[in-house]
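FYI, the numbering just counts along the sequence from 1.
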Amino acid sequence: MPPWGAALALFLAALALLLLLVPRLRSSWRRAVGARTLPGALFQDDHREVNSRSHADQFSDGFEPLPGGCSLICKPSALAKCLLRTLRRSAALEPGLRSWLSGPHLQTLCHFVLPVGSGPELAREYLQLADDGLVALDWVVGPCSRGRRVTNAGSLPAVLLVIPNAWGRLTRNVLSLCLLALERGYYPVIFHRRGHHGCPLVSPRLQPFGDPSDLKEAVTYIRFRHPAAPLFAVSEGSGSALLLSYLGECGSSSYVTGAACISPVLRCREWFEAGLPWPYERGFLLHQKITLSRYATALEDTVDTSKLFRSRSLREFEETLFCHTKSFPISWDTYWDRNDPLRDVDEAAVPVLCICSADDPVCGPPDHTLPTELFHSNPYFFLLLSRHGGHCGFLRQEPLPAWSHEVIFESFRALTEFFRMEERMKGLSRRRTSFLGVRRRWGALQKREVSPSSNLEEIFSWKRSYTR
């Protein structure tokens, strides 16, 4: 571990001890974060409803209780029924023994403080971009277990694109997700932005919070390497802004079959402006300063580095780095017009499962930070809301992986089966339409032979179809 990594780990460990030993400080953080419960309309005593409700998967108002104190919020559709059926049968959501790290702060900090361990075997590739910048792709190549499953019978394994948080730290959460994906038959690859996690910064340009241009080139390269394999994507925390921006900008041309976001930050501008509880604010800010300190000389011509490293908040750091540049300064409003992850959300054409917790100490209270109207109105977005789990935590008793990871792969499997069934039904429909078309054409020819003076306008009639 590099020296700055050890310093950051010690800093976060001290924060964890403070959370355990200073109850007055913990209560002040709770007041700063706010009440971690949703309005009564969202969280109810749902165990009785789940057990008594028939499994007909009928939606009432877009709010469906699930085992383990979870809820599914979405727009009723055939895909939603399929996902609801899968989640109700999921063993990962069943109430059972939870981890001893049951508090939201401990579940959150354990991914940043506890040592990563051996982790998976990674094979790194550097991808040169159109502007000569570099991003890194870490392909997970091992260890391969004997009981490895296959995601698509009779075809190539699906590729899983993993996007870490926006600060560039590779957490235990991401590594355990990759190991489980490898066991389930996926081919995981981790995307690292410019200057993150050992990726060299060869040009004085960093990737803004919600700019998916670099990710587009990375996905194009992944498709070039694996043209026949399905592509799924998972993002962690603040990294979800990049994934959602990509899905919105690319629409149906994203090449992604399904996506999932673990503890996503959806209202990003409000999140930056409101600020985080100071332990998390200081920890994330310190990590970014340490990461960019090695490139201070290269960035001097672009930004005011002295002001950048004196920043006291994440908003001040972000604004100095991307808005107050020396060459093309822009306003804070303009920056978010270009980088809000939900700016093109109506164009997204890929099912997205967002897994969030009501006691998330980083994102804040869900009734203020989750745009529930998005999940009620957009048939591609699904919100799985849990009572507990912290930020990117969702831990269970060791050695079981986080239940959020299990749910993600179960939902991907359900999506694959759903789309396979849809294609099969479309194929049958096309065959039936083709057969009926032949019969209609044969009947029309017979009618023309009987009545050669038929109206040409009726024979060559057509209708224009407008599609978006």
Query raised in the report: Does the pair Phe382 and Leu79 meet the rule for a side chain to side chain contact (heavy atoms under 4.5 Å, CB included), with working shown?
Result: CA-CA 10 Å; Phe382 306 88; Leu79 179 59; 3.9 Å; yes

Requested in this report: For Leu215 and Phe191, run side chain to side chain contact (heavy atoms under 4.5 Å, CB included): C-alpha distance rounded to whole Å, both residues' side-chain angles, the deciding distance at 0.1 Å, then the answer.
Outcome: CA-CA 8 Å; Leu215 184 60; Phe191 172 79; 4.1 Å; yes

Which value, rounded to the nearest 0.5 Å, describes the distance between [X] atom [atom1] and [Y] atom [atom2]?
X	Y	atom1	atom2	result
Ile355	Cys392	CD1	SG	10.0 Å
Ile222	Leu161	CD1	CG	4.5 Å
Arg193	Trp167	CZ	CH2	9.0 Å
Asn339	Cys268	CG	SG	9.5 Å
Leu383	Leu374	CG	CG	9.0 Å
Leu134	Gln128	CG	CD	6.0 Å

Are any non-hydrogen side-chain atoms of [X] and [Y] less than 4.5 angstrom apart?
X	Y	answer
Val135	Arg194	yes
Leu170	Ile190	yes
Val162	Val189	no
Leu314	Gln288	yes
Lys75	Ser377	no
Phe419	Met421	no
Arg387	Cys70	no
Leu66	Arg88	yes

If every non-hydrogen atom of [X] is compared with every non-hydrogen atom of [Y], which pair is closest and at what distance?
X	Y	result
Gly251	Ala349	C-CB, 4.1 Å
Thr257	Pro351	O-CD, 3.6 Å
Thr291	Gly195	CG2-O, 3.6 Å
Pro208	Leu206	CD-O, 3.3 Å
Cys261	Val352	SG-CG1, 4.0 Å
Ser203	Gly133	OG-CA, 4.0 Å

Indicate yes or no for a side-chain donor-acceptor contact from [X] to the backbone of [Y] under 3.5 Å, with no hydrogens or angles considered.
X	Y	value
Gln107	Leu395	yes
His405	Leu180	no
Ser90	Leu87	no
Trp403	Ala91	no
Asp344	Gly248	no
Ser77	Ala80	yes
Thr108	His391	yes
Asp360	Cys363	yes
Tyr246	Ser254	yes

Query raised in the report: What orientation do Phe409 and Phe412 show, parallel under 30°, tilted 30 to 60°, or perpendicular over 60°?
Result: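 Judged by the thresholds at 30° and 60°, the geometry between Phe409 and Phe412 is perpendicular.
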
Query raised in the report: If you look only at pairs with a residue in residues 344-368, which of them pass as a ring pair (Phe, Tyr, Trp, His ring centres under 6.0 Å), with sequence neighbours excluded?
Result: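 Residue pairs passing ring pair (Phe, Tyr, Trp, His ring centres under 6.0 Å), neighbours aside: none found.
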
**Report entry** Under the side-chain contact (heavy atoms from CB on, under 4.5 Å) test, residues paired with Arg343 that sit two or more places apart
**Finding:**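 With sequence neighbours excluded, Arg343 shows a side-chain contact (heavy atoms from CB on, under 4.5 Å) to Pro212, Ser245, Glu249, Asp340, given in chain and number order.
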
Report task. Could you list the residues that satisfy side-chain contact (heavy atoms from CB on, under 4.5 Å) with Glu273, not counting sequence neighbours? Result ->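 Once residues adjacent in sequence are excluded, the partners of Glu273 under the side-chain contact (heavy atoms from CB on, under 4.5 Å) criterion are Arg269, Arg315, Trp332.
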
Which residues share a salt bridge (Lys or Arg N to Asp or Glu O under 4.0 Å) with [X], sequence neighbours left out:
X	value
Glu217	none
Arg267	Glu373
Glu318	none
Asp211	Arg205

Query raised in the report: Under the side chain to side chain contact (heavy atoms under 4.5 Å, CB included) criterion, do Arg124 and Tyr126 qualify, and how do the steps go?
Result: CA-CA 7 Å; Arg124 169 158 293 195; Tyr126 292 105; 3.3 Å; yes

List the residues meeting ring-ring contact (aromatic ring centres under 6.0 Å, His included) with [X], not counting sequence neighbours, and say none if there are none.
X	value
His196	none
Phe381	none
Phe209	Phe272, Trp336

Report task. State plainly whether the residues Arg89 and Glu410 are in salt-bridge range, i.e. N to O under 4.0 Å. Result ->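 No, Arg89 and Glu410 are not salt-bridged.
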
Query raised in the report: Does the pair Ile408 and Ile262 meet the rule for a side chain to side chain contact (heavy atoms under 4.5 Å, CB included), with working shown?
Result: CA-CA 9 Å; Ile408 286 173; Ile262 304 175; 3.7 Å; yes

Tell me which donor-acceptor pairs under 3.5 Å the side chains of residues 224-239 have, and how far apart each pair is, sequence neighbours excluded?
| residue | atom | partner | partner atom | Å |
| --- | --- | --- | --- | --- |
| Arg225 | NH1 | Glu125 | OE1 | 2.8 |
| Arg225 | NH1 | Glu125 | OE2 | 3.2 |
| Ser235 | OG | Ser240 | OG | 2.8 |
| Glu236 | OE1 | Asn165 | N | 3.4 |
| Glu236 | OE1 | Asn165 | ND2 | 3.2 |
| Glu236 | OE2 | Thr171 | OG1 | 2.7 |
| Glu236 | OE2 | Asn173 | ND2 | 3.4 |
| Ser238 | OG | Ala166 | N | 2.9 |

Query raised in the report: Should the heavy atoms of other residues, nucleotides or ligands under 6.0 Å from OH of Tyr295 be counted, would the total exceed 12?
Result: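 Counting neighbours around OH of Tyr295, more than 12 heavy atoms of other residues, nucleotides or ligands fall under 6.0 Å, so yes.
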
Report task. Could you list all the salt bridge (Lys or Arg N to Asp or Glu O under 4.0 Å) pairs where at least one residue sits in residues 250-263, not counting sequence neighbours? Result ->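 Output for this query is empty, none listed.
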
